[in-house]
Q: 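Quick one: this structure, given as structure tokens, is what I'll be asking you about.
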Amino acid sequence: MEKLCCKLETFEGPLDLLLLLISKNKLNICDVRITDLVDQYVEQIHAMREHKMEVASEFLEMAARLVYIKTVSLLPKPEEAERLQRELTGQLLEYQECRRVAGLFGERFRFDSYSRPPEEIKFDSSYRGHLSPQEIFHAYRSAAGRGKRLLPPKPEAFSGIVSHKIVSVASRMIRVLRGLRRIGAARYEDLYRDCRGRSELVATFLAVLELIRGKRIRVEGENDGMVKLMDGGENKWKSEKFREP
Amino acid sequence: MEIRKIQGAIEAVLFASGDPVSLERLADVLGLDRPTAEKIMRNLADRFNNSNGGIRIVRLGDGWQMCTRPEFGGQVRAALDMRRNMPLSQAALEVLAVVAYNQPVTRAFVEQIRGVDCSGVFSSLTAKGLLEERGRLELPGRPLLYGTTSDFLRCLGISSLQELPPIEHEKEGEQAEPAEDVG
Amino acid sequence: MEIRKIQGAIEAVLFASGDPVSLERLADVLGLDRPTAEKIMRNLADRFNNSNGGIRIVRLGDGWQMCTRPEFGGQVRAALDMRRNMPLSQAALEVLAVVAYNQPVTRAFVEQIRGVDCSGVFSSLTAKGLLEERGRLELPGRPLLYGTTSDFLRCLGISSLQELPPIEHEKEGEQAEPAEDVG
């Protein structure tokens, strides 16, 4: 590829080569007879190979396409040939427009204006948001409700008998959904923030997988994933096997 | 707050941020409604841009950014030991062109228009801060979507995508089909 | 180069550099001898510092640096601190609620009610200024006691804890189960 660029200077791909050939023949793309180009195109590829240049597969693919168009046009079924030709013409037009705009961009791009790195600021971490007393009240009931369920078999009481705390996936699913319904979206890692111990981590992970599978949440982004509630997640959730406690 | 103070605060915010700051955020912080903030902001930008100072204020999308005046690019590079940015390659410009007019787009879309593989160009444009990822397409394989950045606008010397040069894309596309055009 | 241009170049260089730039480097880049550069630099710094703008120029050792004027620190912080507007997590809300209704309490108490470890949440709530330490409990291990702060009341827009919706301690266990909320 690179040698090719050196040899023929500005161009990069088969569409480039076609445009070059068209301009050499001083033809308008709209009424170019693709069939006339086939021989020239194949000739060019031959020349490249003779100069021991690697011809990229897309050049060969284009050659095959052109030959196909030519073949079809020899058969007594001109519509197919016309369609193929129109397709290629359309693609060429689109590409030509792309090149034209790229040229404009090239003239206008300037790298002489510089921005600056952000000033390093130590932020005050105190909370300035608003909470409502109702929110606190509901949070209390939610916490107290869960405690009742999880509390009786206190982990310490079982130390020596049961070494692992069992965490149900269902409870984590409810927890994740509840959290998301409140704030709409959360960072993926934040779902694990309040996990204690491996089994909670695992249960939360399984819960997230389960919720994704059930299309109730989705995770977006690559490294810094955001977890979002899918539309209708609430209703579906209520209707299925988990009832809100 | 008197106007000079407000402008001082805006200067400080834009300076400290480095990146563009949205008008909304500025208005919020200064306790102004948006039209007033807009007016003050324009005023301030004019003042900066009409002076011969080294700093100018540009509008990028719905935000504003402070940056250096291009004519001092040489001195800035010399003082900060920066290399001059190489002009973009033809391939890079073509990719930018396709993305700019169709964003957000997948790499496959761009490759279809250009007829060649573009993975190298995409990663170098992303590294240069001219392209950025914009989530994924909900299709098998969940391909990444790309869009242009505010730096792209700044380097091109425009404030929004609406200022891109017009393209004759649609018209010609229709003509190429057997359109019932008079001509 | 005329003096206004030189000053413009210096502005651009100081702006683009986040760090201080030494006088020597400035003189080099602008092709000036040091005394002249010094004079121009002082002049420029005076101009910035005597205006009411948001940016000032300070001398640091052998170099000069542009930075924001301290009086706009509040606005700068408000504009650039994204985390501040982040809502509290469900875990944080629950801890806050349990502390609010039972204070002063130990962490162990809250953990017992919630059934999960809360150490991370406690420290983040303390950092946010919503919880504070209230001495220690006279028990083995002398555990710390926590309570809510006046900032907590301010966030809620209430003037005392009595204004929180009452919870019926006895019946609470039953109520918590079939919580068919109106909302």
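Within every chain, numbering begins at 1; the chains are lettered A, B, ... in the order of the sequence lines, protein sequences first and strands thereafter. Excluded from the calculations below are hydrogen atoms, water molecules and symmetry mates; all remaining heavy atoms, backbone and side chain alike, are included.
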Q: Does C:Leu14 offer a backbone N or O that forms a donor-acceptor pair with the side chain of C:Ser17 under 3.5 Å?
A: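 Side chain of C:Ser17 to backbone of C:Leu14, a donor-acceptor pair under 3.5 Å: no, none is there.
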Q: Distance only, no hydrogens: is a donor on one side chain within 3.5 Å (strictly under) of an acceptor on the other, for B:Glu94 and B:Gln90?
A: yes
Q: Would you mind checking which part of B:Met66 comes under 4.5 Å of any heavy atom in chain C, side chain (CB onward), backbone (N, CA, C, O), both or neither?
A: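 Both backbone and side chain of B:Met66 come within 4.5 Å of chain C.
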Q: For the residue pair C:Thr149 / C:Asp151, report whether a side-chain donor-acceptor contact shorter than 3.5 Å exists.
A: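 No pair is found: no donor N or O on one side chain lies under 3.5 Å from an acceptor on the other.
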Q: Using only atom types and a distance under 3.5 Å, with no angle test, would you say the side chain of B:Arg25 pairs donor to acceptor with the backbone of C:Ala79?
A: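 The answer is yes, because a donor-acceptor pair under 3.5 Å joins these two groups.
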Q: Which one, B:Gly8, B:Gly18, B:Gly73, leads in non-hydrogen pairs under 4.5 Å with chain C?
A: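 Max contact count across the listed options: B:Gly8.
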Q: Among B:Val21, B:Leu80, B:Asp19, which residue has the highest count of heavy-atom pairs closer than 4.5 Å to chain C?
A: B:Leu80
